[in-house]
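Note that ligands are numbered from 1 as they come in the structure, with each ligand's atoms numbered from 1 the same way. FYI, side chains are in, hydrogens and waters are out, and symmetry mates aren't considered; it's all heavy atoms of this structure.
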Amino acid sequence: MKRDIENHVTGISKFVDDFPTLDGTLEAYLFYSEKAHAEILNIDYASALKSEGVADILTANDIPGENQIGGIIKDEMLFAEHEVEFIGEPIALVIADTKENAKKASNKIVVEYKDLPVVTDPREAYEKGLLIRPPQIFSGGDVDSAWSGCDVVVEGKVDSGGQEHLYLETQASYAVPTDSGLKIYSSTQSPTVVQRTISNVLNIPMHRIEVDVLRLGGGFGGKEDQATIWAVLSALAAYKLNRPVKLVLSRMDDLKITGKRHPYSSDYKIGLSKDGKILAYEVTFYQNAGAFADLSTAILERTLFHAANCYAIPNVKATGISCKTNLPPNTAFRGFGGPQGMFVIEAALHKAADVMGIDVDILQQKNLIADNDVYFYGQKVENAQAVNSWQTADEKFNLDKLKKEVRNFNEQNERFKKGFAVMPISFGISFTNSFLNQASALVHVYTDGSVGVSTAAVEMGQGVNEKIIEVCSRTFSISKNRIKIETTNTTRIANTSPTAASTGADLNGNAAKIACDNILERLKIIAAQELNAKDSEKLSIENEQVYLEGQETDLGWDELIQAAYLSRTNLSSHAYYATPDIYFDRDKNIGSPFAYHVYGTSFITVTVDCLLGIYKFDSVKIVHDFGKSLHRLIDLGQAEGALAQGIGWMTMEELVQSANGELKSNTLSTYKIPDIYSVPDEVIIEFLENSENRFGPFNSKAIGEPPFMYGIGVYFAILNAMKSFDPNLELFYNAPITPEKVLLALYPEVKV
Ligand code: MTE
Ligand code: HPA
Ligand code: MOS
């Protein structure tokens with residue numbers, strides 16, 4: 001880990017644009033639609049083709065296979081032909097000797113458009129029947145007959161905005177022709193999706209395409225599906241021209257034309273008993289999918305799975321509607337639709353508590369899900385840590401004391417008000433498409449005792465490589481310095497699932513562990529021979545030394561490997577892992593899709609300057625369920641990073657589009673992301689103890705996405721502070737709650 005960090009900050013680590021290029025390498029620039037919705041009447045390439053340095057301009061006519069890159073639904077063409085549906089939709093690829101010349105030439109392409117109506121709002125799209133696919137309903141119990149038994153029923157509307165991934169490395173690919181096909185260096189979370197899509201577009205078999213991933217300068221979901229197109233474009237050019245071709249997006253283009261987190265607009269209705277039990281919850285999600293499906297349907301499903309967060313609710317009906325708009329296709333982003341679902345139930349509880357005149361944490365705590373409860377879509381709860389993490393947080397941080405401090409502060413201050421909120425989370429781990437929950441690993445022990453490990457996991461800063469080193473080092477009981485993680489490569493590891501859904505370390509760590517165990521078993525037989533021991537069962541390796549019946553022997557790792565090699569023992573293993581016991585019936589929408597859930601509770605305090613509308617985050621105190629952490633430093637870093645990203649989504653990151661579909665917040669001066677000055681003054685993250693998990697290597701739990709959702713609590717903390725400034729404040733649930741929105745809500749009489 002230390003090595004990685006030093007290389008990253010000193011600039012030694014290489015990313016796609018840093019790779020040394022081969023002689024004859026060309027650069028590509030995408031010519032894309034400047035219209036959000038229009039018919040293409042005519043395109044004139046003549047002067048662009050004559051432009052300096054241009055090698056070729058490729059369009060739909062140059063595609064040997066399918067003009068199609070849609071993953072789940074085949075609705076996305078590689079190049080538009082007659083109609084464009086978002087700003088940024090590919091029309092042609094310009095290839096030239098330099099990036100500058102390619103861009104210059106692309107400016108000379110002239111398109112004649114006929115404007116068509118532009119839709120950017122998901123509810124408007126729904127009204128017009130513009131859907132990605134028919135609505136989907138998940139339900140448990142019977143909401144319709146439950147309302148009459150409720151003492152309190154509250155309804156309302158909730159909105160949440162999109163979010164720019166802002167990975168440090170923009171989308172990038174380098175395609176090189178080889179003897180038998182192509183080798184693609186891609187900044188992708190999904191090497192096999194890249195390989196398969198290139199195969200379809202070029203009409204050549206997958207085995208002729210090798211995709212190699214060294215590392216990503218961040219992905220955050222933005223390279224699960226949307227790295228593919230750049231790889232396909234560079235591959236098409238390399239194949240057609242038989243020259244290496246590089247395609248790296250400028251930051252401006254990346255911001256402008258790639259998809260983001262889905263904005264949602266939702267309606268809810270919640271019913272409770274007078275003692276605060278949630279009896280019924282009905283919710284409809286209008287998802288702003290953008291122009292094509294991308295991963296929207298899978299993301300919407302995860303929204304439905306997380307519609308009730310960590311609460312046991314007997315009657316739930318959740319409807320998901322994926323709405324087609326004229327924006328770049330929105331895509332995976334940390335949480336994968338879960339945060340959008342969880343924000344709505346938290347808003348519903350917040351509003352219900354306001355109506356009932358009680359603190360919302362009373363309602364939250366009273367309804368926490370526990371063992372033998374059932375998630376409303378049918379999954380039985382096992383090893384629930386919702387109550388445990390809440391109680392542990394209360395013991396460590398004292399909920400009543402924190403609330404009292406806020407009340408006291410607010411009694412003594414007029415301009416500045418503090419707000420407090422609790423955010424408990426439950427996040428399901430596994431790809432919700434069950435078939436994706438598989439991985440394999442290839443482990444080689446070399447004759448000098450060093451070890452090379454290949455898996456399907458893509459390193460994007462989340463530390464999965466270091467975790468797999470940890471797994472192999474513990475399994476063999478050898479120094480981590482002996483272990484190297486190789487690039488993620490489709491020729492070495494086939495049929496890779498994306499590194500996503502927070503499952504990277506679980507799936508690939510388990511596969512790597514099985515591979516190491518296979519080799520270890522063979523080594524023990526050799527060790528038994530070397531030591532004249534009868535039973536290899538009584539042997540173990542501890543700290544690179546062989547032990548017999550608990551006694552250290554003279555046989556060390558190096559000598560053991562030598563002996564194994566000389567006696568012709570296989571020192572390599574390819575192993576496979578598939579998550580057991582998961583299923584989901586897509587006809588009934590009932591099942592047990594997750595291997596397990598991750599839980600945790602956060603206590604959040606903020607201060608709002610009620611004169612200026614600005615705020616600061618005083619403290620976030622978390623008890624989080626890491627299982628038995630594989631690597632505490634990495635896990636802490638993931639929790640802190642996810643929290644900051646969640647806070648950004650809820651507060652300051654605001655995407656603004658004009659009515660004609662143009663992104664107005666297309667620079668970092670108009671789109672504010674959390675920086676070191678806007679993270680909480682105090683962040684305390686405690687490890688929940690005694691959490692078991694048979695699905696994670698060495699009992700660990702996934703960490704990548706779940707802590708993102710702690711950020712949701714910040715919204716309510718700010719709203720609570722505002723409410724103590726103005727007890728008549730009309731509560732609103734429309735994230736992000738920017739300082740501008742805070743100010744306007746506090747002074748409704750002021751018109752702007
Ligand atoms: N952390 C860093 N530094 N960079 C990233 O791109 N992606 C997040 C999370 N943490 C990301 C990250 C997302 S969206 C996911 S799904 C997981 O890491 C994926 O990696 P894992 O499955 O190994 O946890
Ligand atoms: N999470 C992330 N990516 C995915 C999923 C999921 O549940 N399903 C398909 N791709
Ligand atoms: Mo993460 S959104 O599953 O890549």
(Q) Using 0.5 Å steps for rounding, measure from the CD atom of Gln638 to the OG atom of Ser502. (A) 8.5 Å
Q.
Just to verify, what does Asn383 make a side-chain contact (heavy atoms from CB on, under 4.5 Å) with, not counting sequence neighbours?
A. none
State the atoms of ligand 2, each with its element, that fall below the 4.0 Å cut-off from a heavy-atom position in [X].
X: Thr432; value: 7 (O), 8 (N)
X: Asn433; value: 8 (N), 9 (C)
X: Leu436; value: 9 (C)

Q) Considering only the protein, which heavy-atom contact is closest to atom 10 (N) of ligand 2, and what is its distance? A) Glu224 OE2, 2.9 Å
Q | Nearest non-hydrogen protein atom, atom 7 (O) of ligand 2 | A | Arg302 NH2, 3.1 Å
Q. Do Tyr577 and Asn508 have side-chain atoms, one donor and one acceptor, less than 3.5 Å apart?
A. no
Which pairs would a plain distance check flag for residues 425-435, meaning a side-chain donor or acceptor within less than 3.5 Å of a matching protein atom at least two apart in sequence or in another chain?
unit_1 : atom_1 : unit_2 : atom_2 : d
Ser426 : OG     : Tyr375 : OH     : 2.8
Ser430 : OG     : Ala595 : N      : 3.0

**Q.** Within 45° cone and under 6.0 Å: Lys74 NZ/CZ vs Phe292 ring
**A.** no
(Q) Given the ring of Phe15, does Arg215 sit roughly above its face, with NZ or CZ under 6.0 Å from the centre of the six-membered ring and within 45° of the axis? (A) yes
(Q) Applying a heavy-atom cut-off of 4.0 Å, say which part of Leu295 lies close to ligand 2: side chain, backbone, both or neither. (A) neither
(Q) Tell me the contacting part of Phe431 for ligand 2: side chain, backbone, both, or neither, using a 4.0 Å heavy-atom threshold, strictly below. (A) both
Q: Taking Gln287 for its side chain and Ala289 for its backbone only, find out whether a donor-acceptor pair lies under 3.5 Å.
A: no
(Q) Can a donor-acceptor pair be found, under 3.5 Å and without considering hydrogens, that links the side chain of Glu169 to the backbone of Val16? (A) yes
Q | Partner of Arg334 under side chain to side chain donor-acceptor pair (under 3.5 Å), chosen from Gln645, His165, Gln163 | A | Gln645
**Q.** Test applied, side chain to side chain donor-acceptor pair (under 3.5 Å); reference residue, Asp212; option that passes from Thr490, Asn489, Thr488
**A.** Asn489
Considering only N or O atoms, set out every pair between ligand 1 and the protein closer than 3.5 Å, with distances to one decimal place.
unit_1   : atom_1 : unit_2 : atom_2 : d
ligand 1 : 1 (N)  : Gln638 : NE2    : 3.1
ligand 1 : 3 (N)  : Gly461 : O      : 3.2
ligand 1 : 4 (N)  : Met460 : O      : 2.9
ligand 1 : 6 (O)  : Gly219 : N      : 2.7
ligand 1 : 6 (O)  : Phe220 : N      : 2.9
ligand 1 : 10 (N) : Arg334 : NH2    : 3.2
ligand 1 : 10 (N) : Gln638 : OE1    : 2.7
ligand 1 : 20 (O) : Gln462 : NE2    : 3.1
ligand 1 : 22 (O) : Thr503 : N      : 3.2
ligand 1 : 22 (O) : Gly504 : N      : 2.7
ligand 1 : 23 (O) : Gln462 : NE2    : 3.1

Q. Can you tell which of Val194, Leu214, Val458 makes a side chain to side chain contact (heavy atoms under 4.5 Å, CB included) with Ser186?
A. Val194
**Q.** Residue that, paired with His624, satisfies side chain to side chain contact (heavy atoms under 4.5 Å, CB included) out of Ser389, Ser602, Pro706
**A.** Pro706
Q. With respect to atom 5 (C) of ligand 2, which of Phe435, Phe336, Phe594 exhibits the smallest heavy-atom separation?
A. Phe336
Q | Ion pair Glu459/Lys467, N-O distance below 4.0 Å | A | no
I'd like a table of the close N/O pairs between ligand 3 and the protein (anything under 3.5 Å), one pair per line with both atom names and the distance.
unit_1   : atom_1 : unit_2 : atom_2 : d
ligand 3 : 3 (O)  : Ala501 : N      : 2.6
ligand 3 : 3 (O)  : Glu705 : OE2    : 3.3
ligand 3 : 4 (O)  : Gln189 : NE2    : 2.8
ligand 3 : 4 (O)  : Gly221 : N      : 3.4

